There are 2 protein chains.
Amino acid sequence: MIQNIQIQLNEHLYLKDPMQSELGKAMLQKSVELIYELGFEEFTFKKLSTAIPTTEATIYRYFENKHRLLQYLTNWYWSAMTIEYTYLTNNMQQAEQAINTGIELIIHPTKFMPQHPMLSVEKLFGIIINESNKSYLTTSIDEDNQLKLFKPYKDFCNILAASFLKYAPKFSFAHSLASTCVESILHQCYFMQHLPSLTDCKSNTGAKGLQTFIKNLIFNTLDKNK
Amino acid sequence: MIQNIQIQLNEHLYLKDPMQSELGKAMLQKSVELIYELGFEEFTFKKLSTAIPTTEATIYRYFENKHRLLQYLTNWYWSAMTIEYTYLTNNMQQAEQAINTGIELIIHPTKFMPQHPMLSVEKLFGIIINESNKSYLTTSIDEDNQLKLFKPYKDFCNILAASFLKYAPKFSFAHSLASTCVESILHQCYFMQHLPSLTDCKSNTGAKGLQTFIKNLIFNTLDKNK
DNA sequence: AGATTGTTAATAGTAATACTATTATAAATA
DNA sequence: TATTTATAATAGTATTACTATTAACAATCT
């Protein structure tokens, strides 16, 4: 579904739209691979330019700095996720089913989102787990927010919150629960890999335990607040 | 209570124990102020050295790099929190009361922890909210973990999980719930300040809503898994 | 006292990173 | 063909993180 759709992103994310040239597309594709491999701190425009190959300065024509590039990728991810969630839950009668679908989508995006020719969903998911916090935990948060650079992430949380409210209309904390749910899943995925004593879930079971935990958390809370 | 206790931290955090000299203590005190004001990215050893004042090289005698200094501060924070939680819940009969105390402590550390002569709890709390994720979201996570640099944070989550298990012995996800609870509170605090559409809680009410939300979340989950 | 040793701080760097100013090249248009 | 425009390449600079070396200053021992 996703592969045919051109996702229009906030124009403050780039200086020159990378989707409009082959060189720009190569920047996106290679940056996903490099950030996935090296981590965001070790990732530099120098390394990206030799990988493409092009020059450092050329990349600066497209992106103000590497932080904007990271924001571009996270914006794309959450936009794609929002589209996918809307598509999957379209015409679903039961709010419960929509919520379950949402949780499964966040935990296993590759199961639902088709392979994209340029942006590997699998690697993007890894980047989201490891680096997405860094896209908003900065001193420029308020300026960036005014430029609406977090809209796709907010949108995703908001449609998830809307599903919660459909299931439990009187619940007062739908937005907090939605953002907690998303962040918790990402954190638990990270902990499963690196700090297993902070979780009871095992990554080798395909995160089945994580799914149980989160559904448990959400429905017990919503059922008591119907 | 805390102010008289010397917290012994992992010796891999420093090259020379900053607690053992006046200069070292000044580094800790000033670094809390500067990271709080500037954010971790803008914070440099150069700025710290002029603030003390001393030289950059001298600081490098104490800390391998600025990342280790951040880890030192977060280690101190969670060690102090663990001591405080143990102290507050000592001799408490009801697990429910202990859990409520824990939640209130995480949300309002300054209400419980006395002012420390050197490390401002209020500013440290701000640093924990804004920067603590960066202390473990790095490529060196596995090596750092082997050096036991995340033990204090794990310890805190584990004693919280122990309280959950005391309340609901059959619950299978006590550790996941504990880490989710801590991370969620920190994130919600951040969202209240900067991205209010991701939360339903208001910061001007003294985070009363946040307390309701988290208690709601935890007890609804635990009650269903008793 | 004078020599030795060890601890601490200061000097003066280097390598890498993030970013920019300027020039060259190619394509589109008049 | 001449002119404009868009794009890329070259060649930098400023800053940052970090290190190697030297100097100062005690404490200890002969």
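For clarity, every value in this text was computed on a predicted model and none was experimentally measured. What you see below is based on every heavy atom in this structure, not just the backbone, and it leaves out hydrogens, waters and symmetry mates.
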Output the rounded distance in Å from [atom1] ([X]) to [atom2] ([N]).
{"X": "B/Glu42", "N": "C/dA18", "atom1": "CD", "atom2": "P", "value": "13 Å"}
{"X": "A/Leu15", "N": "C/dC19", "atom1": "CG", "atom2": "P", "value": "11 Å"}
{"X": "B/Arg61", "N": "D/dT22", "atom1": "CZ", "atom2": "C1'", "value": "11 Å"}
{"X": "B/Ile59", "N": "C/dA9", "atom1": "CD1", "atom2": "P", "value": "11 Å"}
{"X": "A/Phe63", "N": "C/dT17", "atom1": "CZ", "atom2": "P", "value": "20 Å"}
{"X": "A/Phe40", "N": "C/dA18", "atom1": "CZ", "atom2": "C1'", "value": "11 Å"}
{"X": "A/Glu56", "N": "D/dA11", "atom1": "CD", "atom2": "C1'", "value": "11 Å"}
{"X": "B/Tyr60", "N": "C/dT7", "atom1": "OH", "atom2": "P", "value": "23 Å"}

If you compare every side-chain N and O of [X] against the phosphate oxygens of [N] (OP1, OP2), does one of them come in below 4.0 Å?
{"X": "A/Thr58", "N": "D/dA9", "answer": "yes"}
{"X": "B/Thr55", "N": "C/dA10", "answer": "yes"}
{"X": "B/Lys16", "N": "C/dT8", "answer": "yes"}
{"X": "A/Tyr62", "N": "D/dA8", "answer": "yes"}
{"X": "A/Lys46", "N": "C/dA18", "answer": "no"}
{"X": "B/Thr54", "N": "C/dA10", "answer": "yes"}

Is there a donor-acceptor contact under 3.5 Å from the side chain of B/Asn75 to the main chain of B/Leu149? yes
So does B/Lys202 get a backbone contact from the side chain of B/Thr205, meaning a donor-acceptor N/O pair under 3.5 Å? yes
Checking side-chain hydrogen bond (donor to acceptor under 3.5 Å, both in side chains) for the pair A/Tyr62/A/Ser21: CA distance, chi angles, key distance, verdict? CA-CA 10 Å; A/Tyr62 285 78; A/Ser21 77; 2.8 Å; yes
Would you mind telling me which of D/dC18, C/dA18, C/dT20 lies closest to the side-chain atoms of A/Lys66? C/dA18
The side chain of B/Thr44 is closest to which nucleotide in this list: D/dA11, D/dA17, C/dA10? D/dA17
In terms of ring plane angle, is the pair B/Tyr60 and B/Phe45 parallel, tilted or perpendicular, where the classes change at 30° and 60°? perpendicular
Hey, which of B/Lys208, B/Lys215, B/Lys111 is the one that makes salt bridge (charged side-chain N to carboxylate O under 4.0 Å, His left out) with B/Glu104? B/Lys215
